Number of protein chains: 2
Amino acid sequence: MAAGRAYAGVPAAQRRALRRAALVAAGLDIVGTQGSARLTVAGLCARAGLNERYFYESFASTDEVLGAVLDDVLAELTSAIVTAVAAAPQDTRAKARAAIAAAIELLTDDDRKTRVVFAEPLAAPALMARRAEVARAFVALIVGQAQEFYGPATALRVGSWGDFGAAYVLGGLAETMTAWVRGDLAISRDELIDRATDLFVVVGEHVVGTASS
Amino acid sequence: MAAGRAYAGVPAAQRRALRRAALVAAGLDIVGTQGSARLTVAGLCARAGLNERYFYESFASTDEVLGAVLDDVLAELTSAIVTAVAAAPQDTRAKARAAIAAAIELLTDDDRKTRVVFAEPLAAPALMARRAEVARAFVALIVGQAQEFYGPATALRVGSWGDFGAAYVLGGLAETMTAWVRGDLAISRDELIDRATDLFVVVGEHVVGTASS
DNA sequence: AGAATTTGGCAAGACGTCATGCCAGAATTG
DNA sequence: CAATTCTGGCATGACGTCTTGCCAAATTCT
């Protein structure tokens, strides 16, 4: 009952965590390649190399797996962006480029993640709310970053224009990234990053200029 | 066999078409409010007020219904855009605003259509390919319109920058529109249209300016 | 070595959906 | 009015998934 014996030198709690991680990794694979509709308990456990019984040890439904997969990728993404921005020189364009490059490199190195972040959340009702939260969080992050360059006073002046511009930039980045992964943009990844940075700066300057005038 | 007797004064072919239309309308309702995952034969026919048997008269699978629903909304959308652009004065900004206003008004008047156009296609594998086609078509439409204002010679100079800019604008429009429908943007619909037009023009000018320099 | 625990494989009933078929009532044609 | 055709309701067998439970093999602790 109060079990918890070590197995193969690994304590019980850690084994649980490993199994959960294996399920999430398998979930990324299935959702990222076949879509959330194909995510079944049996298929997930088979790919994770685990018994079906262990599914219910960590999750109550496949929707929970979906959420965990998304959270996993988003945590990786925000971490990559934050460290990249911190390491970049104190310059608007340099900061923007660092953030965009970090995001694009992470997501295009593994197009399963592109799909999980940009496509699936819109489909699965379970992720709709989370997707909205994430979008708001990124918008807030962009707006916050912008304030560092244009001065905190701009915040008041920018107002809803800032939210609009941030959402616009987020959407543009998402669409161009998925189009590029799909092979519809005949440019290199570095060009993709450069142009995304260009438009980020252009939109940002227009927003600040318009809102403060 | 060679049937086709009129019923209630309506010939057979027209009755078939009416039933099909009822199914597509019910499909828009279900997909637009609950998502494509909830689209089942029984539920669809119940909402359409039709017998399940008639489903197979017009469709072979629920995926086909999904495609028909998307096609229906997209046809409406392109029609609205084309007529609005044609009626607008010969001015870059006026044309852009007319197109954007037509799209935004149509899609936000009925947020089921917003979801069908922007959210579901990414999720349902059956619509993935179509979504890509549609994106390409809209990109081509935007690029084509741009050539009318900046002159056909720009086409060669713009090249892949044009595709990139068009995809960016499309994504920005999609994200801001869904955010607005969600209630995350504290602006009026007219402001939404104005700002979307602003950024459309700004991005367009930057693309032409950069690519031709 | 022996007892206890962990693990994987498998089976079973329950549930929802699919695709088709049958039947009786309603409407139309001759 | 009789025959034909259309329509709606219902039922069926098949299929895939879910969730729980049992059993034998593997591994660990005493």
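Keep in mind the model is a prediction, meaning the values are calculated, not measured. Convention: sequence-line order gives letters A, B, ...; per-chain numbering from 1.
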Colleague: Taking only side-chain nitrogens and oxygens of A/Y56, does any of them come within less than 4.0 Å of OP1 or OP2 of D/dT20?
Modeller: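 It does not, given that no N or O in the side chain of A/Y56 lies less than 4.0 Å from OP1 or OP2 of D/dT20.
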Colleague: Between C/dG8 atom C1' and A/L44 atom CG, what is the distance in whole Å?
Modeller: 16 Å
Colleague: Less than 4.0 angstrom from a charged side-chain N to a carboxylate O is my criterion; do B/K113 and B/E76 meet it?
Modeller: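 B/E76 and B/K113: salt-bridged.
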Colleague: Rounded to whole Å, how long is the line connecting atom CD of B/Q14 with atom P of D/dC6?
Modeller: 15 Å
Colleague: Roughly how many Å is it from CZ in A/R15 to C1' in D/dA26, rounded to a whole number?
Modeller: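 So the CZ-C1' distance, A/R15 to D/dA26, works out to 13 Å.
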Colleague: Could you tell me whether A/D71 and A/R130 make a salt bridge, using a distance below 4.0 angstrom between a side-chain N and a carboxylate O?
Modeller: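 Salt bridge: yes.
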Colleague: Reading DNA chain C 5' to 3', how would its secondary structure be written in dot-bracket notation, given Watson-Crick and G-U pairs with both distances under 3.5 Å, brackets [ ] for crossing pairs and | for partners on other strands?
Modeller: ||||||||||||||||||||||||||||||
Colleague: Among the candidates C/dC18, C/dG8, D/dT17, find the nucleotide nearest to the side-chain atoms of A/T40.
Modeller: D/dT17
Colleague: Is any side-chain N of the basic residue among B/D109 and B/R189 closer than 4.0 Å to the acidic one's carboxylate O?
Modeller: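 Counted as a salt bridge, because a side-chain N and a carboxylate O are separated by less than 4.0 Å.
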Colleague: Rounded to whole angstrom units, what separation is found between the CD atom of B/E52 and the C1' atom of C/dT17?
Modeller: 10 Å
Colleague: I want to confirm an ordering. Mapping A/L50 and B/F55 to their closest nucleotides on DNA chain C, which one lands closer to the 5' end?
Modeller: A/L50
Colleague: Check the orientation of B/Y168 and B/F164. Use parallel for under 30°, tilted for 30 to 60°, and perpendicular for over 60°.
Modeller: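 Tilted, since the angle between the ring planes falls between 30° and 60°.
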Colleague: In whole angstrom, give the distance that lies between atom CG of A/D63 and atom C1' of D/dC18.
Modeller: 14 Å
Colleague: Between D/dT5 atom C1' and B/N51 atom CG, what is the distance in whole Å?
Modeller: 16 Å
Colleague: So what does A/Y54 hit on the nucleic acid, given a heavy-atom distance under 4.0 Å: a base, only sugar-phosphate, or nothing?
Modeller: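 Counting heavy atoms under 4.0 Å across all strands, the contact made by A/Y54 includes a base.
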Colleague: Starting from P on D/dT5, measure out to CZ on B/R16 and report it in whole angstrom.
Modeller: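 That distance rounds to 18 Å.
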Colleague: Is it the case that B/R195 and A/S160 place a side-chain donor and acceptor less than 3.5 Å from each other?
Modeller: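 Indeed, the side chains of B/R195 and A/S160 share at least one donor-acceptor pair under 3.5 Å.
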Colleague: Between A/R53 and D/dC22, is there a side-chain N or O to OP1/OP2 distance below 4.0 Å?
Modeller: no
Colleague: For the side chain of B/R19, counting heavy atoms from C-beta on, which of D/dC18, D/dC22, D/dT7 is nearest?
Modeller: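 Of the options given, the side chain of B/R19 lies nearest D/dT7.
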Colleague: Could you state the CD-C1' distance from A/E57 to C/dG8, rounded to the nearest angstrom?
Modeller: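 So the CD-C1' distance, A/E57 to C/dG8, works out to 14 Å.
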Colleague: Is any side-chain heavy atom of B/H206 closer than 4.5 Å to one of B/W161?
Modeller: yes
Colleague: Got B/T197 and B/I193 here, is their nearest side-chain heavy-atom distance under 4.5 Å?
Modeller: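 A side-chain contact under 4.5 Å exists here.
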